[in-house]
Amino acid sequence: MLIKPGSVNIGKFMNKICILVLFLLVIFPLVAEIQIESYVNKTNIGIQDIIQLTIEVKGEKLYGLKSPEINLPGFRKLGSSTSSGSSMSIMNGKMVRSETKSYIYNISPLKVGKLIIPPSTVKINKDSYTTKPIKITVKENSTSPPETEKQTENNLGRNSTKVNNLFLEIEISKNDYYLNEPIKIDYTLFSRFDIANISYSNEPSFNNFWKEDIFTANSYNFRKVNLNGLIFESMLMRSIALFPSKTGNLQIPSIELIVDVRTQARSFFDRGSTKRSVIKSKPVIVNVKPLPEKGKPAGFSGAVGDFTLTSNISTAELKVGESFTYTLEIRGNGNLNQFDPPVLPEIQHLRFFEPEISTEISDNMISGKKIIKYLVIAQEKGVFNIPSLQFSYFDPILKKYNTKKTKTYTLNIAEGDLTFIPTGISQSKVVLEGRDIGFVLTGIDIKSHSLIFSSFYYWLCWIILLFSFPLVWFYRREQTRLIEDYDYNRMKQANKILRKYMRQATIEAKRQNIDFYTSVQRGLSNFLADKLKQRRGSETDEVISLMYRKNVDENIIQKINNIFSRCDQVRFMPGGSDTDRIQADYDLLKEILSDISRIKV
Amino acid sequence: MLLFLLTTLFVDIYPVNENTEDIFNLGIVAYENKEYDESLKYFLRLENEDIINADLFYNIGSSYFRMGNLGKSILYYKKALKIKANHKSAGRDLEFVLSLTQDKQLDNKEDLFTQIWNKVFSQIDINLLAIILFLLFFIIVFLLNFILLKYQQRDRSIPLFFLSIFIIFFLLTCFFSYLKWKDYQNINEAVLLSQSAIGYSGPDQGFTRVFTIHEGMVFSVEKKEDNWSLIKLPNGLGGWIKTDQFETIDFR
């Protein structure tokens with residue numbers, strides 16, 4: 001096999017590309033992000049307590065990971081262990097593999113006071129990652145409780161100096177607001193327990209606020225969060241937007257959650273139980289300022305936020321009777337649901353229908369758009385102006401009023417084809433005003449009615465149909481007999497054969513052909529054999545003697561005999577082919593046939 | 001198409017002389033000119049020429065109504081409906097005219113099944129039934145012959161199944177046709193034409209008065225005796241009234 005030099009080169013080139021691609025595929029995961037975290041199981045401890053420090057490294061591939069170098073001044077190392085695991089998950093249709101390696105150190109403090117676990121460094125290949133420092137408070141006496149019960153009880157006391165293991169945090173962006181300015185509030189649950197169930201307590205009444213729900217958690221979606229060196233499970237429980245409707249110091253009421261915590265099993269037989277605790281968010285006070293009177297525009301309708309105003313007209317050139325739409329769109333962040341949009345003034349000769357107002361607010365309840373659509377019908381020809389519209393709002397960030405204006409539109413309305421201008425909006429129902437009989441029927445085919453049932457032809461058709469039964473019955477019997485009775489079948493066939501040969505003979509007789517005799521002999525002998533229920537091809541003598549036995553008229557037998565001998569004579573004797581006699585023989589044949597049809601065998 | 005062919009085949013065609021059409025059109029013109037007595041004259045002339053036609057009867061009924069003769073108009077609407085059970089105009093107008101009569105029609109309260117039955121029964125035309133009946137018969141004969149010829153040695157269960165279904169339909173249609181035929185032949189239904197009539201318990205005014213009915217009342221005639229007839233109101237009440245006060249719904 002010959003290989004061209006060029007093809008080898010291409011092959012090598014391809015190999016290189018393949019290797020490069022493979023290399024990239026291998027390298028790629030190594031480039032992927034590495035997460036590193038360190039945490040302890042408790043930060044408030046007694047001098048005799050042991051705490052667990054965990055350094056967790058997480059990444060797609062922990063190839064070349066070296067043990068962290070840890071240096072713990074003020075602590076005594078009691079032992080260490082490592083654990084590793086890997087998991088696969090599919091994200092965005094892509095398989096994501098992640099490995100976790102944890103280094104766990106049991107340490108105990110050497111002195112009382114505030115200690116710091118310094119940052120530790122972990123090296124993977126040539127990259128190094130550093131953890132955050134963790135503050136530990138060490139006291140004289142042991143704070144380590146027989147876990148669960150005591151701590152869950154502690155959680156009820158909100159201002160406890162101890163670290164809460166279960167609490168609901170309220171997140172609010174700032175404390176000063178203007179009237180009607182949206183306040184976005186997130187409630188997040190933090191927990192270090194195994195939570196069995198969460199439910200909402202009664203909804204507090206948000207007096208002085210207009211409330212819009214943005215999000216309410218309805219499934220568990222915990223995230224690990226490192227809070228001051230402790231690992232918490234956190235979950236966003238609720239998000240709401242509040243629009244203050246009063247000024248002054250307003251309290252945002254706290255919301256309550258009922259949380260069932262699974263307690264640990266103490267023995268093999270104890271399956272563990274749940275403990276219910278009610279947690280409350282901290283009440284927060286916000287200061288709501290009134291909107292400044294200074295610079296307040298005349299047409300201000302209470303919009304607070306940041307908005308843009310656009311307008312649009314479907315067509316400016318139209319005819320009398322035609323319609324166009326005037327669209328106004330207010331888009332932005334703010335209290336979209338709480339203000340009135342600007343209104344178009346009535347313009348003579350233009351008919352404005354009630355505007356169609358739609359408000360679309362995105363999931364965060366603060367941004368969105370408001371679309372106001374007017375359907376306008378032109379009623380007179382001429383040139384009209386749609387005036388500019390003003391929309392004013394207060395911008396809480398810039399702390400001033402803003403006014404946006406729309407364009408002025410000029411309409412050219414031409415003479416229309418429509419003379420009728422609808423004056424009503426809704427169609428009216430057809431009302432029954434009176435009842436009467438219908439008008440006489442005209443243009444009808446005045447044919448006298450007759451009953452089909454009393455028609456003669458109708459019943460005639462029935463009788464014809466009924467007659468089909470005996471016909472079919474007879475036909476069926478005939479068919480059966482043809483199949484079952486062979487001789488009967490032959491008899492039936494005989495006539496057909498005779499007819500066939502005789503037709504041939506007639507043709508040949510006309511042509512004065514000598515083959516006439518062949519046809520005659522074959523046809524006649526086969527016919528007689530079938531008729532007498534004899535084997536085909538029987539000798540003529542046999543057939544004739546049989547005919548004698550069956551008492552066939554001697555005259556006919558004589559004639560048949562004659563014609564047979566004529567045939568033999570012509571066929572086997574040289575010079576016997578006398579074409580002159582063909583006509584005479586044909587006449588004789590016809591005579592025989594008419595005789596045969598009369599005889600019954 | 002087939003239906004049309006069959007209808008034209010079975011319906012006896014009477015020669016319609018041109019005169020008939022002219023008379024009919026004259027009647028219509030008179031009606032259009034609001035000369036109702038004139039138009040009625042033409043229409044009735046046609047009826048006397050033994051023309052039985054639902055539309056003609058409808059027009060006669062309408063002319064009578066225009067002349068204020070409720071009884072006659074009900075009679076003719078009823079006649080039209082008898083010939084053509086699904087005659088839309090006649091059905092609608094009959095309902096309207098009946099609502100104008102003095103007596104509330106004494107129909108018994110019917111249950112849902114009876115109502116549905118009556119509705120279906122009144123919608124189906126007797127001639128249509130005749131054609132359906134014939135078609136079913138044709139299919140059955142065809143199937144039977146087919147089975148006789150082609151299924152001599154084969155399993156006959158499938159064609160027999162179809163055959164039995166058609167036979168069931170055929171029998172049902174037979175039953176339906178019989179009812180319709182009887183209804184068509186019923187010449188006992190009558191309409192009161194006089195202003196009012198008193199029903200007595202016997203064929204003489206000396207008997208007890210049983211009821212009084214008014215023009216347009218539809219009832220059935222049970223028995224005729226000299227000048228008196230025993231009638232039965234739709235609610236089952238029986239009484240004797242004078243024979244000349246009503247006319248039966250019959251066009252033969």
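Predicted model, so just to flag it, every value in this text is computed and none were measured. Chain A is the first sequence line, chain B the second, and so forth, proteins listed ahead of strands; every chain is numbered from 1.
Looking at Phe134(B) and Ile452(A), their side chains never come closer than 4.5 Å, going by heavy atoms from C-beta outward. Phe467(A) has its side chain out of reach of Val141(B): every pair of non-hydrogen atoms, C-beta onward, lies at least 4.5 Å apart.
In this structure, CG in Leu441(A) is found 7.0 Å from CZ in Phe24(B), a value given to the nearest 0.5 Å. From Tyr475(A), atom OH reaches atom CG of Leu149(B) across 7.0 Å, with rounding to the nearest 0.5 Å. Between atom CZ of residue Phe439(A) and atom CD1 of residue Ile28(B) there is a gap of 7.5 Å, rounded to the nearest 0.5 Å. How far CD1 of Ile131(B) is from CZ of Phe453(A): 9.5 Å, rounded to the nearest 0.5 Å.
With hydrogens and angles disregarded, no donor-acceptor distance shorter than 3.5 Å links the side chain of Tyr184(B) to the backbone of Leu451(A).
The neighbour count for Phe142(B) CZ, taken as heavy atoms of other residues, nucleotides or ligands under 6.0 Å away, does not exceed 12. Other residues, nucleotides and ligands place more than 12 heavy atoms under 6.0 Å from the CD atom of Gln479(A). Around atom CD of Glu478(A), more than 12 heavy atoms belonging to other residues, nucleotides or ligands sit under 6.0 Å away. Within a 6.0 Å sphere centred on CZ of Arg45(B), heavy atoms belonging to other residues, nucleotides or ligands number 12 at most.
With a threshold of 4.5 angstrom between heavy atoms, Ser62(B) approaches chain A through its backbone and through its side chain. In this structure, the portion of Leu46(B) lying under 4.5 Å from any heavy atom of chain A is its side chain and not its backbone.
Relative ring orientation between Phe170(B) and Trp462(A) is described as tilted, the plane-to-plane angle lying within the 30° to 60° band.
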